[in-house]
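Read the structure below first, then the notes.
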Amino acid sequence: MKMWGGRFQAETDALMREFGDSIRFDRRLYRADVQGSIAYAGALARVGLISAEEREELTAGLEQVQAEFDAGTFQIEPGDEDIHTAVERRLGELVGPAAGRLHTGRSRNDQVATDLRLYLLDEINSLHKELVALQEAILQQAENHLGVVMPGYTHLQPAQPILFSHWLMAYFWKFQRDRERLANAARRTQVCPLGSGALAGNPFGLDRRALAADLGFDRVSENSVDGVSDRDFVVEFLAWAALTQVHLSGMAEDLILWSSREFGFVELDERYTTGSSLMPQKKNPDALELLRGKSGRIVGHLTGLLTTLKGLPLAYNKDLQEDKEGLFDSIDTLKLELAVAAGVVRTLQVNPDRMETALDAGLLATDLADHLVRQGVPFRESHHLAGLAVRRAEELGCDLRELDLAEYRAIHPAFDGEVYALLDIRRSVEARVSEGGTASTAVKAQIEQAYVNLSI
Ligand code: ARG
């Protein structure tokens, strides 16, 4: 018997059933659904709507249902529209009439909103751990390669020398903010809508706060109409996923470039690359390309849900069932991506020699300008003068280090013999000691701060 069949005479059209059913994707909510139902049975018993004995029967039956799902033996029947109907149908088979009392005052509307929050909170926990593991891998590599200098880029043009560790740590902080955003989103997911009923609230005097506490929620939703229709927490999660994805794909792009033969700054471990079926010499960065390419679907899930939610009237509408597949896919994809990214970083080989080859004196033109500033030349002017030196060196086919002092002095008398001491890659790096700079003391301090942030 259908849970809503009373007023119907005709059978649901077979295609309509296939169209409307969500069991094929929402069955993964089974643990949350069982957990929510056990707590709900407790709430019903507390107000005397079911006896203590019935509560025990229901609890034992629900635990049995969960065990069947866990063991993979749960049989989905044709009438099981979604996870809620499937669990209730099976519960009826297991415990008989008591199962018919469980749904008192409850609707699938407050039920699904509760299940989804419980499920997501659990997944947020594991994603949080995956993020930490990635940050640890980054931190480890940054520590291991503290002496390595490479060109830093803007516009993908060589800009100034920086420590390889400094580049790497830039991603640490991006992922740190992702972790903070995830924790923040979790706080707004920690709200229990159960007891909102279909939309108007619960008429049986249920203690919603006790129910929420039982389920481990921080608080109850303030408004039942909002409680059943609010999917902000899913949107926030998908926005978190999209931004984390953008960070992953940026890091992947850097590493794809640098592992190319042309750069050769890093070498990817064979475990994260593949060969070509045609060209025997190829070692393709598939892991990184997928970390970049998954952006389409992850960003798509965010815009997809926002579009679904736009213009929905209150309160529950079946449109809301569309909140799940994108969410589940984002969770699964990100979980795998974060673990793979950590593996790629952990096993990354660094080639300091190739980085050094890419470091020419042109990267020190800013230092040249800074030198004139210290002699009292305004920066706007010194920038121009350093540019003239770069051009002169280019004309003569030499680099800034090989340019005669006479040439420098012809450009500006404030240039003195000190320019040659200045034109040193390592000196340039070590000069940038201010907080957040690339000098090794500053990067060490940054790494220390990173450890503190990881532990909280
Ligand atoms: N499968 C539904 C969903 O995911 C459960 C809620 C159904 N509620 C309803 N009034 N039909 O949204």
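Start at 1 and go down the list; that is how both ligands and their atoms are numbered. By convention here, the first residue in the shown sequence is residue 1.
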What does the N/O contact table under 3.5 Å look like for ligand 1?
unit_1, atom_1, unit_2, atom_2, d
ligand 1, 1 (N), Ser22, OG, 3.1
ligand 1, 1 (N), Asp82, OD2, 3.1
ligand 1, 1 (N), Gln321, OE1, 2.8
ligand 1, 4 (O), Lys324, NZ, 2.4
ligand 1, 8 (N), Asn109, OD1, 2.9
ligand 1, 10 (N), Asn109, OD1, 3.0
ligand 1, 12 (O), Tyr316, OH, 2.4

field: Electrostatic pair Arg346:Asp269 at N-O distance under 4.0 angstrom
entry: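 Not counted as a salt bridge, because no side-chain N and carboxylate O are separated by less than 4.0 Å.
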- request: With sequence neighbours excluded, tell me which residues meet ring pair (Phe, Tyr, Trp, His ring centres under 6.0 Å) with His247.
  value: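 Once residues adjacent in sequence are excluded, His247 has no partner under the ring pair (Phe, Tyr, Trp, His ring centres under 6.0 Å) criterion.
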Tell me which donor-acceptor pairs under 3.5 Å the side chains of residues 41-50 have, and how far apart each pair is, sequence neighbours excluded?
none

query: So which of Thr438, Leu363, Leu163, Ile162 actually passes side chain to side chain contact (heavy atoms under 4.5 Å, CB included) with Val149?
result: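 Checked Thr438, Leu363, Leu163, Ile162 against Val149; only one passes side chain to side chain contact (heavy atoms under 4.5 Å, CB included): Leu163.
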message: Take a 6.0 Å sphere around CD of Glu270 and say whether it holds more than 12 heavy atoms from other residues, nucleotides or ligands.
response: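 Not more than 12 within 6.0 Å, no.
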task: For Lys283, enumerate each residue passing the salt bridge (Lys or Arg N to Asp or Glu O under 4.0 Å) test, keeping only those at least two apart in sequence or located in another chain.
output: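 Per chain and number, Lys283 pairs via salt bridge (Lys or Arg N to Asp or Glu O under 4.0 Å) with Glu267.
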